Amino acid sequence: RGETASLQHTETTHRLRMSSSMMETETEKRQLPVDDTGGRSGVPSSPSASSVKRLRKFEKPSVAYFSMEWGLSEDLPLYCGGLGILAGDVMKTAMQKDLPLVGVGIFWDEGYVRQDVGGEASPGSQSGESSSSAQKSPKASLRQRESFPKADRSRLLPVSLPGELSVEVAGEKVELRAFQVKGYEKLFLLEPCSEAHRKRLSSRLYQGDEATRLGQEIVLGVGGVRLLESLGKQIDVFHFNEGHPVLAGLELIRLYMEGKRGGR
């Protein structure tokens with residue numbers, strides 16, 4: 001029994017050494033430079049022009065960053081919290097470093113709710129406490145107020161589109177227009193053309209019932225892909241900031257199936 005156990009131990013040790021040797025060999029192969037024919041060369045050499053081109057394309061793919069909210073500045077209340085701040089920081093970094101990234105979002109006419117504490121409710125605001133209860137409360141001056149300030153449209157730059165841009169929401173055609181933001185020209189914001197559609201789909205961030213929210217996600221996802229296609233943007237990577245723009249994936253699948261989009 002002792003000899004059998006010793007033989008088994010020796011055989012196991014031998015197999016482990018062979019496995020380790022094979023892993024080291026594979027690692028060395030991965031670290032070897034790639035030649036123009038796609039093969040591996042054991043002699044390090046300067047990369048060719050085509051290799052450098054491929055590496056540069058790999059290192060800096062063109063990215064489309066889709067987000068329901070964008071936190072760029074306080075005078076553009078197009079954000080709710082961390083999700084928008086993250087998207088805004090990504091855009092600011094892309095602008096500073098001149099990275100091949102474009103952003104896609106929605107222009108919210110009244111942005112997200114603004115909450116204040118104290119004082120009387122201003123016209124057009126919604127109070128978090130009824131007037132009757134406020135009169136009975138000794139701390140009526142500390143009641144919460146909610147308002148929806150208009151976003152600053154003076155910073156918007158209209159985008160000239162080569163043709164009509166539209167999506168379908170609940171069986172209804174919704175024509176869209178697009179803007180860039182002064183100082184953040186890499187960001188494209190979508191908005192319905194008609195006042196009725198704007199009131200329903202792009203008035204306030206994260207407001208409305210499930211049907212409204214779905215319509216907003218159609219505008220962002222489907223409309224965003226169609227916008228980039230109409231502008232001739234060559235996009236390698238589509239990034240969805242959480243699940244809000246996920247319908248962009250369905251639009252891309254449709255384009256691939258219809259042969260309207262290549263293997264980018």
Side-chain angles (χ1 to χ4, degrees), residues 56-72 76 78-79 83-84 86-108 151 155-169 173-194 197-198 201-202 205 213-264:
R56 286 177 178 172
K57 183 178 181 180
F58 177 77
E59 289 172 358
K60 290 187 178 182
S62 57
V63 179
Y65 193 105
F66 284 65
S67 182
M68 188 68 87
E69 49 180 288
W70 289 89
L72 300 174
L76 281 176
L78 309 178
Y79 62 99
L83 188 71
L86 171 63
D89 287 347
V90 169
M91 178 55 61
K92 293 173 183 177
T93 301
M95 295 291 297
Q96 293 172 358
K97 296 184 177 296
D98 193 26
L99 299 176
L101 178 144
V102 295
V104 179
I106 294 177
F107 180 78
W108 304 103
R155 296 183 59 182
L156 298 182
L157 302 171
V159 176
S160 178
L161 300 175
E164 180 185 278
L165 178 64
S166 66
V167 295
E168 185 175 310
V169 177
K173 180 180 179 180
V174 177
E175 295 187 4
L176 303 173
R177 59 191 179 190
F179 301 96
Q180 292 171 290
V181 181
K182 292 180 181 178
Y184 300 96
E185 284 75 10
K186 289 179 178 286
L187 175 60
F188 295 90
L189 299 176
L190 292 165
E191 179 185 62
C193 295
S194 76
H197 289 152
R198 287 198 299 273
L201 297 173
S202 64
L205 173 63
R213 291 289 300 276
L214 179 58
Q216 293 170 343
E217 292 178 0
I218 291 174
V219 170
L220 174 62
V222 178
V225 171
R226 293 180 180 178
L227 170 66
L228 297 177
E229 289 291 311
S230 68
L231 295 176
K233 298 293 184 181
Q234 302 291 315
I235 304 299
D236 298 308
V237 178
F238 289 81
H239 175 83
F240 303 155
N241 200 14
E242 283 199 354
H244 307 296
V246 71
L247 295 178
L250 297 181
E251 177 65 9
L252 288 170
I253 292 174
R254 183 188 70 82
L255 293 176
Y256 279 119
M257 292 181 67
E258 295 179 359
K260 296 179 180 179
R261 183 176 174 80
R264 299 195 302 272

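Here the structure is a predicted model, which is why all the values come from computation and not from measurement.
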Handout entry: Lys92/Met95 under side chain to side chain contact (heavy atoms under 4.5 Å, CB included): CA gap, chis, key distance, verdict
Key = CA-CA 5 Å; Lys92 293 173 183 177; Met95 295 291 297; 5.7 Å; no

Handout entry: Closest non-hydrogen atom pair between Leu189 and Val181, with its separation
Key = CD1-CG2, 3.6 Å

Exercise for the section: Using modelled atom types only, decide if a donor and an acceptor are shared between the side chain of Glu191 and the backbone of Arg177 within a distance under 3.5 Å. Expected result: no

Problem - Expected output: side-chain Arg198 to main-chain Cys193 donor-acceptor under 3.5 Å - result: yes

Problem - Closest non-hydrogen atom pair between Leu190 and Ala178, with its separation - result: CD2-CB, 4.2 Å

Problem - Atom of Met68, atom of Glu217 and distance for their closest heavy-atom approach - result: CE-CG, 3.7 Å

Problem - Side chain Ser194, main chain His197, donor-acceptor under 3.5 Å - result: yes

Exercise for the section: Please report the closest heavy-atom contact between Ile106 and Ser202, naming both atoms and the distance. Expected result: CG2-CB, 3.9 Å

Completion exercise
Here the salt bridge (charged side-chain N to carboxylate O under 4.0 Å, His left out) pairs for residues 246-256, sequence neighbours left out, are Arg226-Glu251, Glu251-Arg254, Arg254-Glu258

Handout entry: Residues forming a side-chain contact (heavy atoms from CB on, under 4.5 Å) with Gln96, sequence neighbours excluded
Key = none

Practice task
Please name the pair of heavy atoms, one in Gly84 and one in Glu69, separated by the smallest distance, quoted to 0.1 Å.
Solution key: N-OE1, 3.0 Å

Completion exercise
Minimal heavy-atom distance between Ala248 and Phe66, with the atoms involved, is CB-CE2, 4.1 Å

Handout entry: Atom pair CZ/CG of Phe107 and Leu205 - distance to nearest 0.5 Å
Key = 12.5 Å

Practice task
Side-chain contact test, heavy atoms from C-beta onward, threshold under 4.5 Å: evaluate it for Leu101 versus Met91 and give yes or no.
Solution key: yes

Completion exercise
The reported gap from CD in Glu185 to CD in Gln180 (rounded to nearest 0.5 angstrom) is 6.5 Å

Problem - Ile218: side-chain contact (heavy atoms from CB on, under 4.5 Å) partners, not counting sequence neighbours - result: Val167, Val169, Leu214, Val222, Leu247

Handout entry: Sidechain-backbone polar pair: Lys233 side chain, Ser62 backbone, donor-acceptor under 3.5 Å
Key = no

Fill in the blank from the handout: Given the options Val102, Leu78, Leu72, Val104, Leu187 meets side-chain contact (heavy atoms from CB on, under 4.5 Å) only with Leu72

Handout entry: Trace of the side chain to side chain contact (heavy atoms under 4.5 Å, CB included) decision for Tyr65 with Lys186
Key = CA-CA 10 Å; Tyr65 193 105; Lys186 289 179 178 286; over 6 Å; no

Exercise for the section: Would you mind reporting whether Leu176 and Leu227 have side-chain heavy atoms less than 4.5 Å apart? Expected result: no

